[in-house]
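Accompanying notes for the structure given below.
Computed from a predicted structure; not experimentally measured.
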Amino acid sequence: MATSISALTSSISSVSFSSQISQRPLVQSISFPYSKSLSFKTPNLTIAATAAVETADLKTLVKSRLPGGFAAQNIIGTGRRKSAIARVVLQEGSGKIIINYRDVNEYLQGNPLWLQYVKTPLMTLGYESSYDVFVKAHGGGLSGQAQAISLGIARALLKVSESHRSPLREEGLLTRDSRVVERKKVGLKKARKRPQFSKR
């Protein structure tokens, strides 16, 4: 009888122990999403802080490379497209392109077409790793700014050497694209779009 009682108590204790084990994962599964959500907040702060530091570093770099500002430089070109205006300065370097104190890939959001617009004049002459490009752009959108930068770089390359005119002209990089948005007309929905005609 004593043996059966001791066996019964040991089985009860084992059952209570197993129930404690089975309860622990439930507590962990409930607390896991909260810890996960908290852990996501810190990387965003660090990324924002890193981006701010990089922007400050690029601003310091540009100011050290361009004493007196953009207007005081020798190799400068101005490009325009739609309502965007870009002032471009070329300096001998390793091929960096900095737009408004930000890296070109970050500023143009990694868009391959816009990046191609910016790099085409340098690639046409084989200078993609020979000059650093510093740009101040404003007005319009990123597409217009990218094409304005392309024209500005092409015009700046003419100041490096007049012999660059022929290859740049063949690629159409020296032609200012004069197309702009047509104004809306009174009585129309847009520039040309009319309301639906009703005979009666």
Side-chain angles (χ1 to χ4, degrees), residues 44 47-48 51-52 54-56 58-59 62-63 66 68-91 95-128 131-162 164-200:
N44 291 335
I47 289 169
E54 287 178 358
T55 304
L58 286 175
K59 198 165 188 176
V62 171
K63 289 190 174 181
L66 305 178
F70 276 68
Q73 308 308 310
N74 295 325
I75 307 175
I76 188 168
T78 302
R80 294 180 179 85
R81 173 74 173 98
K82 299 181 185 178
S83 58
I85 301 173
R87 286 185 295 163
V88 179
V89 171
L90 296 183
Q91 280 192 353
K96 290 180 183 175
I97 301 177
I98 299 173
I99 306 173
N100 291 346
Y101 308 114
R102 290 161 65 186
D103 182 68
V104 62
N105 288 304
E106 180 195 348
Y107 189 82
L108 296 179
Q109 302 174 356
N111 188 302
L113 181 62
W114 298 340
L115 292 170
Q116 183 183 350
Y117 285 144
V118 171
K119 294 176 181 177
T120 299
L122 294 171
M123 292 173 67
T124 301
L125 300 173
Y127 287 155
E128 56 265 26
Y131 285 95
D132 289 342
V133 181
F134 303 97
V135 182
K136 269 191 178 179
H138 66 275
L142 293 179
S143 176
Q145 287 185 5
Q147 294 175 62
I149 292 166
S150 176
L151 179 60
I153 293 173
R155 287 178 172 176
L157 286 168
L158 286 182
K159 295 189 177 179
V160 175
S161 174
E162 191 64 27
H164 294 156
R165 183 178 295 274
S166 178
L168 291 172
R169 177 69 68 189
E170 287 177 6
E171 296 294 325
L173 297 171
L174 293 175
T175 303
R176 202 287 202 199
D177 192 345
S178 60
R179 294 175 297 172
V180 294
V181 176
E182 189 175 341
R183 68 171 288 264
K184 182 188 179 301
K185 313 303 189 300
V186 176
L188 303 187
K189 291 188 173 182
K190 297 199 297 183
R192 305 281 179 97
K193 184 177 181 179
R194 295 176 175 274
Q196 184 175 358
F197 173 73
S198 177
K199 193 168 186 178
R200 292 179 183 87

Subject >> Leu174 to Leu158 - nearest heavy-atom pair and separation >> reply: CD2-CD1, 3.8 Å

**OP:** For a side chain to side chain donor-acceptor pair (under 3.5 Å) with Gln147, tell me which candidate from Arg81, Arg176, Arg80 qualifies.
**Re:** Arg81

Subject >> side-chain contact (heavy atoms from CB on, under 4.5 Å) partner of Val133, the single match among Val118, Ile98, Val88 >> reply: Val88

Original post:
Passes side-chain contact (heavy atoms from CB on, under 4.5 Å), Asn100 versus Lys136? Steps please.
Top reply: CA-CA 5 Å; Asn100 291 346; Lys136 269 191 178 179; 4.2 Å; yes

Original post:
To the nearest 0.5 Å, what is the distance between CG (Leu90) and NZ (Lys159)?
Top reply: 10.0 Å

**OP:** Considering non-hydrogen atoms only, spot the tightest contact between Phe70 and Arg87 and give its length.
**Re:** CE2-O, 3.7 Å

Subject >> Check: Asn105 main-chain N/O paired with Asp103 side-chain donor or acceptor under 3.5 Å >> reply: yes

Subject >> Trace of the side-chain contact (heavy atoms from CB on, under 4.5 Å) decision for Tyr131 with Val160 >> reply: CA-CA 11 Å; Tyr131 285 95; Val160 175; 3.2 Å; yes

Original post:
Do Val180 and Ser83 come close enough that some side-chain heavy atom pair is under 4.5 Å?
Top reply: no

Original post:
So how far is it from Gln109 CD to Tyr107 OH, rounded to the nearest 0.5 Å?
Top reply: 9.5 Å

**OP:** Verify the neighbour count for atom NZ of Lys185: are there more than 12 heavy atoms of other residues, nucleotides or ligands below 6.0 Å?
**Re:** yes

**OP:** Would you check if the side chain of Asp132 reaches a backbone N or O of Lys96 as a donor-acceptor pair within less than 3.5 Å?
**Re:** yes

Subject >> Minimum heavy-atom distance between Ala156 and Gly77, given as atom pair plus value >> reply: CB-N, 3.9 Å

Original post:
How about Glu170 and Thr124: do any of their side-chain heavy atoms sit closer than 4.5 Å?
Top reply: no

**OP:** Rounded to the nearest 0.5 Å, what's the gap from CD1 on Ile99 to CZ on Phe134? Could you check?
**Re:** 12.0 Å

Original post:
Heavy-atom count around Glu128 CD within 6.0 Å, excluding the residue itself: above 12?
Top reply: yes

**OP:** Check Leu66 against Val89 and note the closest heavy-atom contact, atom names and distance.
**Re:** CD2-CG1, 3.7 Å

Original post:
Which pair of non-hydrogen atoms, one from Ala84 and one from Ala148, has the smallest distance, and what is that distance?
Top reply: O-CB, 4.1 Å

Original post:
In Å, rounded to the nearest 0.5 Å, how long is the span from CD1 of Ile149 to CG of Leu108?
Top reply: 6.0 Å

Original post:
Quick check: does any side chain N or O of Lys184 sit under 3.5 Å from a backbone N or O of Leu188, one acting as donor and the other as acceptor?
Top reply: yes

Subject >> Close side-chain approach of Leu142 and Asn111, heavy atoms under 4.5 Å >> reply: no

Original post:
Looking only at atom types and distance, does a side-chain atom of Gln73 sit under 3.5 Å from a main-chain N or O of Gly69, one as donor and one as acceptor?
Top reply: yes

Subject >> Atom pair OG1 (Thr175) and CG (Leu168), whose distance is rounded to the nearest 0.5 Å >> reply: 10.5 Å

Subject >> Student check: side-chain heavy atoms of Val181 and Lys82 closer than 4.5 Å >> reply: no

Subject >> Donor-acceptor under 3.5 Å (Arg155 side chain, Thr78 main chain) >> reply: yes

Original post:
In Å, rounded to the nearest 0.5 Å, how long is the span from CG of Leu173 to CG of Leu157?
Top reply: 9.5 Å

**OP:** Give the intermediate values and the outcome of side-chain contact (heavy atoms from CB on, under 4.5 Å) for residues Thr120 and Ile153.
**Re:** CA-CA 9 Å; Thr120 299; Ile153 293 173; over 6 Å; no

